[in-house]
Amino acid sequence: MKILKNEKLKGFATKTNSKVQNLSRAIVFPIAVLPVAGIMLGVGGGFLAAAQTNNWGNGWVDFFQILKSIGNIVFSMLGILFASSIAFGFAKKSRGVAAVSAMIAFMVMTVTVSALFVPHTNSAGEAVVTFDPWKITGENKLISVGSNKGMLSTVMGIGPTMDLSVLGGILVGWLTAVLHNKTYNIKVPRMLSFFGGERFVPIAAFFMGIGLGIIVFFIWPMIMLALFHIGAGLGTWMNVGSKEEYARTSGGIAAYLFGVFEQLLIPTGLHHVFYTPFWFTSVGGEWYAPVIESGVITGWNITTGAYTIFFEQMNWVGQQYQISEGAIQFLQDNNLTSYLDLIYKSGDQSFIAFNHYTTEVGTGFMSGRFAVYNYGLPAAGLAMIMLAKPENRRQVAGILGSAIVTSMATGIIEPLIFSFIFVAPMLLGVHALIGGFSYLLAYLLNVQAGNGFTAGMIDYIFFGLIPGYSTGVNIIGESGKNIFGMFAGRNGALWIMIYGILLIAPAYFFSFWGLIKFKDLKTPGRTNDENDLSLEMAKKSLTKNKKQNISSETDLIIEGLGGKENIIEVKNCASRLRVDVININYINEEKLKKTGAAGVIKKGTNVQVIYGPHVQYIAFDVKERLGVK
C-alpha cells in the first residue's frame with residue numbers, strides 16, 4: 001500500500017510539474033513582445049523629457065511622444081495578452097481558435113464587471129458607481145477614490161472596471177484552454193451544424209466570460225486586497241520606500257533569496273512562473289502615478305509590479321508639475337515622504353519635481369540580473385577557458401567565447417550554463433549563491449534599471465543608461481553644470497558596472513577557478529576523451545545556427561525522440577525543444593546529443609532538449625518533417 005501511495009504521489013507530482021512547465025512555456029509568448037514595447041517606451045519616454053527640457057523642438061517632442069505611446073499600449077493590455085497566449089499554449093489543436101476565444105472571454109468578463117458597478121455621472125459631473133458591495137470606491141462611491149486605491153481602472157476603453165491584468169489573464173486563458181480542449185470537436189444537432197466544432201468554442205467562451213465577470217465582481221476584490229497586503233508585508237520587510245537607507249538592510253534577505261531561487265530555476269524552465277508575481281503584482285512594489293488635469297496634479301493612481309512601475313516612472317522622471325493641495329494632503333495622509341521631499345514652493349503655488357527613480361518599486365529584483373549576466377557568468381566562462389587543457393584551450397575559447405558574448409550582449413545565458421551544468425552540477429549551485437549577491441546589492445543600492453525578457457548590455461543601455469542619461473540628476477552649483485547625467489544618476493545604473501566588475505566578476509572567476517582546479521571538475525576541454533560530449537555539444541549548439549545545417553539531422557532528432565509514432569506534440573521556447581511523447585523510455589539521449597543537444601531533461605511524458613538560440617529552426621524543421629503546423 002505504501003509503495004502504491006508513493007507511486008500515486010509521484011504520478012501526481014509528474015503531472016503537476018508538466019502543467020507548470022506548460023504554463024512557463026506559454027508565459028514566454030507575451031513576455032517575448034515586452035522587450036520590443038519596452039524599447040519603444042524606453043526611447044520615447046526617456047528622450048521625451050530631454051526633448052522638452054532642452055527645447056529640441058516640437059518635431060522631436062512629437063516623435064518621442066509617438067514612440068512612447070506605441071510602446072505603452074502593450075503594458076496597458078497585459079491581461080488580454082496573457083489570456084490569449086495561455087490559451088494558445090495549452091490548446092491541443094486549433095490554437096488560433098483558442099486564442100481568439102480567450103480574447104472574447106476576457107473582453108466580455110471585463111464589460112460584465114463594469115456593468116455590475118452600474119456607473120453613472122452625478123449632478124456635479126463626477127463619475128460614481130451605484131453598486132459597490134466592497135466599498136472599494138469609498139463611502140461616496142466616487143470612481144476617482146477607487147482609482148487611487150488601484151481597484152478601478154479603464155481596460156481596453158472599458159471603465160470603470162477591475163483590471164485583472166496578468167493573473168486574471170492567466171486564469172481566463174487556462175479556463176478557455178480547458179473549455180476549448182473539451183469542445184472544439186463537439187457535435188450539435190444537424191439544424192445547428194454551423195455552430196458545431198470549432199465555432200462552438202467562441203460562443204461558449206462568450207457565456208463563460210459573463211459567468212467569470214459575475215464571479216470576479218464579488219471575488220476579485222478579495223484577491224486584490226490579499227495581494228495588496230502581501231505586497232505591503234513584503235515591502236515592509238524590504239523597507240521599500242524607506243527614507244533611511246540603512247533601514248533597508250534587513251530587506252536584502254528577501255532580495256538575495258529571490259536571486260538564488262530564480263537562478264536555480266532557470267535550467268528547469270520554471271523561472272518565468274517564479275518571477276511573474278514580482279514583475280506584475282504588489283509583491284514587486286507599488287507606486288502612485290500622478291493624475292493630471294489641466295496641467296495640475298489633482299490625484300494619484302496606484303501602479304503595482306516592478307516591471308509596470310518602472311515604465312510608469314519612466315513617463316514621469318525628469319518632469320515637474322504644479323500640484324494641488326488635495327494631492328499634497330493625500331501624500332501627507334499616507335506618509336509618502338519620498339514624494340513630499342520632491343515638493344517645493346514657487347510663490348503661492350506648489351510644484352513637484354520627479355528627479356529620480358524611487359524606492360517604491362522593487363526593480364532591484366530585475367536590476368540584480370545585469371551584473372550576473374554581463375560580468376559574473378562571463379567571468380566564470382573565462383575561468384573555464386583558462387583551465388582547459390593547453391591542447392584544447394583554443395577550441396574551448398572559440399566555443400565559450402561565443403557563449404560569453406551572447407550572455408553579455410543579449411542576456412541569453414543558457415549556452416554558458418549548459419556548458420557546465422551536466423558535467424559539474426555543483427557549479428550551478430555556486431552560480432546561484434553568488435548571483436544572489438547581485439540582487440542583494442542592487443536592492444541595497446536602490447538600483448532601478450529595468451529590463452525586458454533578458455538582462456544583457458542591450459537592455460542595460462535602453463533601460464539603465466538611456467533613462468539615466470536623458471533625465472540625469474541636475475545638481476546646479478556655482479558652475480551651473482549638470483552632474484551625473486551621463487552616468488544614469490537618477491536610477492543608479494552606474495552601480496551595476498561598479499559592483500559587477502569589482503565584486504561579482506571576481507567572485508565568479510575565483511570560485512569557478514578554485515572548484516574546477518581543486519575538485520578536478522570536467523568542464524569543457526579538461527579531458528582528452530574523444531567522447532567528451534560536453535565540449536562537442538557546446539560546439540554544435542553554438543555554431544550550428546543556420547537552418548540548412550539543421551535539416552540534415554532532423555531524422556536523427558526524430559529517431560532520438562522515439563520515432564514519429566512516439567511524438568505527440570512539438571513546441572519550443574528560447575533555447576529548448578519541448579516535446580510531449582507517449583513513452584519516455586523510448587527517448588535515446590545519445591542520438592539527441594549527436595545532433596548538438598547540450599542536454600536532455602525528462603519530466604513524466606515531457607522531454608526538453610537543449611539546443612540554444614537556434615532551436616526555433618530545429619522546431620520548425622521537425623514539425624515540417626512530421627507534417628504538423
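Along the sequence shown, the residues carry numbers beginning at 1.
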note = side-chain contact (heavy atoms from CB on, under 4.5 Å) test vs T183 passes for just one of V201, I203, V178, namely V201
ask   = Taking side chain as C-beta onward, heavy atoms only, is Y439 less than 4.5 Å from E262?
value = yes
inquiry  = Y256: which residues meet the side-chain hydrogen bond (donor to acceptor under 3.5 Å, both in side chains) condition with it, sequence neighbours left out?
reply    = none
W220 side-chain N/O to M162 backbone N/O, donor-acceptor pair under 3.5 Å = no
ask   = Atom CZ of F330 and atom OG1 of T298: how far apart are they, to the nearest 0.5 Å?
value = 12.0 Å
Under 3.5 Å donor-acceptor pairs involving side-chain atoms of residues 100-118, not counting sequence neighbours:
from, atom 1, to, atom 2, distance (Å)
S101, OG, V97, O, 2.7
T110, OG1, F106, O, 2.8
T112, OG1, V108, O, 2.7
S114, OG, P160, O, 2.9

task = Please tell me if the side chains of S438 and F370 come closer than 4.5 Å, counting only heavy atoms from C-beta onward.
result = no
remark   = d(I328 CD1, I323 CD1) to nearest 0.5 Å is 4.5 Å
P290 vs Y321 side-chain heavy atoms within contact, under 4.5 Å = no
ask   = Of the options L175, T176, I170, which is the one that meets V172 in a side-chain contact (heavy atoms from CB on, under 4.5 Å)?
value = T176
Minimum side-chain heavy-atom gap I584-T605 below 4.5 Å = no
note = Between A327 and G299, the two heavy atoms sitting closest are CB-N, 4.2 Å
task = Assess the pair Y184 and F200: is the distance between their ring centroids shorter than 6.0 Å?
result = no
inquiry  = Please evaluate residues S94 and H180 with respect to the criterion side chain to side chain donor-acceptor pair (under 3.5 Å), reporting the C-alpha separation (whole Å), side-chain torsions for both, the decisive distance (0.1 Å), and the verdict.
reply    = CA-CA 9 Å; S94 303; H180 171 270; 4.8 Å; no
message = Are L440 and L444 packed together at the side-chain level, in the sense that at least one heavy-atom pair is separated by less than 4.5 angstrom?
response = yes
task = Using the test salt bridge (Lys or Arg N to Asp or Glu O under 4.0 Å), find all partners of K182 that sit at least two apart in sequence or belong to another chain.
result = none
Atom pair OG1 (T130) and NE2 (H120), whose distance is rounded to the nearest 0.5 Å = 4.5 Å
request  = Look only at the side chain of T303 and the backbone of I309, and say whether a donor-acceptor pair between them is shorter than 3.5 Å.
outcome  = no
message = Go through it in stages, so that I can follow the logic: the residues are V260 and L264, the test is side-chain contact (heavy atoms from CB on, under 4.5 Å), and I'd like the CA-CA distance, side-chain angles, deciding distance and then a yes or no.
response = CA-CA 6 Å; V260 171; L264 285 176; 4.0 Å; yes
Side chains of I297 and I352 in contact at under 4.5 Å (non-hydrogen atoms) = yes
